[in-house]
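Computed from a prediction, not measured in an experiment: that's the story for all the values here.
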Amino acid sequence: MPSTNLRNLLFGAALLAATGGASAESQADQAAHVASPEYYSVLKENEHVLVLKMVLQPGESDAMHRHHNETVYFEKGGQLTITQPNGKSFQANVPDGHVMWHEAWTHQVTNSGESEVVAIIVEDKP
């Protein structure tokens, strides 16, 4: 029979997992508008597509999240820092009007510039 301290540790770990204490991992599996509803709004959703609007003010960061294959139109570009689940990050200086396509991925976005960034994301439904 495990000691009292070990039982408490195991109980605590189970409780943490059950109540969302492991949310950083599960958040990465969430769509952007679910993980960070304060920065993403749903413009359209049906069985084929999810269309989101992202607005990040200077210094704001969304939560780690996933996208299915996506096309992104940057209405207002800016300087972004993109962080991957492995902790590596890179900067992207995105001009206004830029359009990009990206295969499914997981990341976190920080507006590391001095102006608002606004993007329209058109994401395939699997």
Side-chain angles (χ1 to χ4, degrees):
M1 177 172 230
S3 72
T4 302
N5 287 340
L6 181 56
R7 276 196 314 263
N8 289 343
L9 181 62
L10 293 172
F11 176 74
L15 184 62
L16 217 69
T19 60
S23 64
E25 286 182 301
S26 61
Q27 207 167 32
D29 292 332
Q30 294 179 341
H33 67 291
V34 175
S36 296
E38 65 275 30
Y39 303 119
Y40 293 86
S41 55
V42 176
L43 301 179
K44 174 135 183 109
E45 183 172 15
N46 61 32
E47 66 275 7
H48 303 289
V49 71
L50 172 64
V51 181
L52 303 173
K53 181 175 185 176
M54 177 196 79
V55 179
L56 284 176
Q57 298 300 322
E60 290 183 332
S61 298
D62 61 13
M64 189 69 65
H65 60 276
R66 60 113 179 110
H67 290 283
H68 297 293
N69 294 347
E70 63 178 344
T71 301
V72 183
Y73 165 67
F74 287 90
E75 183 180 333
K76 294 182 184 177
Q79 184 174 318
L80 301 174
T81 301
I82 311 298
T83 303
Q84 301 167 332
N86 63 9
K88 293 184 179 181
S89 64
F90 62 92
Q91 288 202 349
N93 292 309
V94 182
D96 292 352
H98 180 70
V99 177
M100 62 165 254
W101 178 89
H102 202 286
E103 65 184 14
W105 65 325
T106 299
H107 65 280
Q108 182 264 328
V109 182
T110 299
N111 181 345
S112 48
E114 297 180 5
S115 60
E116 175 183 68
V117 174
V118 178
I120 305 298
I121 302 160
V122 181
E123 187 173 329
D124 294 344
K125 285 283 194 85

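Side chain of Asp96 to backbone of Lys76: no donor-acceptor contact under 3.5 angstrom is found. The closest donor-acceptor contact from the side chain of Gln108 to the backbone of Thr83 lies at 3.5 Å or more, if one exists at all. The main-chain N or O of Ala28 is never found under 3.5 Å from a side-chain atom of Arg66 such that the two would form a donor-acceptor pair.
Hydrophobic clustering (side-chain heavy atoms under 4.5 Å, transitive across Ile, Leu, Val, Met, Phe, Trp, Tyr) groups Val49 together with Leu43. Following chains of ILVMFWY side-chain contacts shorter than 4.5 Å, one can reach Trp105 starting from Leu56, so the two form part of one hydrophobic cluster. Both Val94 and Met100 are part of a single hydrophobic cluster, where members link through side-chain heavy atoms under 4.5 Å apart. Using a 4.5 Å cut-off between side-chain heavy atoms of Ile, Leu, Val, Met, Phe, Trp and Tyr, with links allowed through other members, Val99 and Val51 fall into the same hydrophobic cluster. Under the 4.5 Å side-chain heavy-atom criterion for ILVMFWY residues, no single connected hydrophobic cluster contains both Val34 and Val42.
You'll find the side chain of Val117 reaches within 4.5 Å of the side chain of Leu80, heavy atoms only. By the 4.5 Å heavy-atom criterion applied to side chains, Val122 and Tyr73 are not counted as neighbours. Two residues are said to be in side-chain contact when any heavy atoms from C-beta on lie closer than 4.5 Å; Val109 and Tyr39 fail this criterion. Considering only heavy atoms from C-beta on, Met54 stays 4.5 Å or farther from Val72 through its side chain.
Between the CD atom of Gln91 and the OG1 atom of Thr81 there is a distance of 4.0 Å, given to the nearest 0.5 Å. Summarising the geometry, atom CG belonging to Asn111 is positioned 7.5 Å from atom CD belonging to Glu60; distances are rounded to the nearest 0.5 Å. Interatomic distance, Asp124 CG to Thr71 OG1, rounded to the nearest 0.5 Å: 7.0 Å. Going from atom CD of Gln84 over to atom NE2 of His107 covers 10.0 Å, rounded to the nearest 0.5 Å.
Scanning all heavy atoms of the two residues, the minimum distance from Gln79 to Asn93 falls at CG-OD1, 3.2 Å. Closest of all the heavy-atom pairs between Asn46 and His48 is OD1-N, 2.7 Å. Nearest heavy atoms, Ala63 versus Ala35: CB-O, 3.8 Å. Here the closest non-hydrogen pair linking Leu52 and Ala32 is CD1-CB, 4.1 Å. The two residues Asp62 and Ser36 make their nearest non-hydrogen contact at CB-OG, 3.4 Å. The minimum heavy-atom distance linking Ser115 with Pro58 is given by the pair N-CG, 3.6 Å.
Counting non-hydrogen atoms of other residues, nucleotides and ligands closer than 6.0 Å to CD of Glu114 gives a total of 12 or fewer.
With ring centers used as reference points, His65 lies 6.0 Å or more from His33.
Between the side chains of Thr110 and Ser61, a donor-acceptor pair is found at a separation under 3.5 Å.
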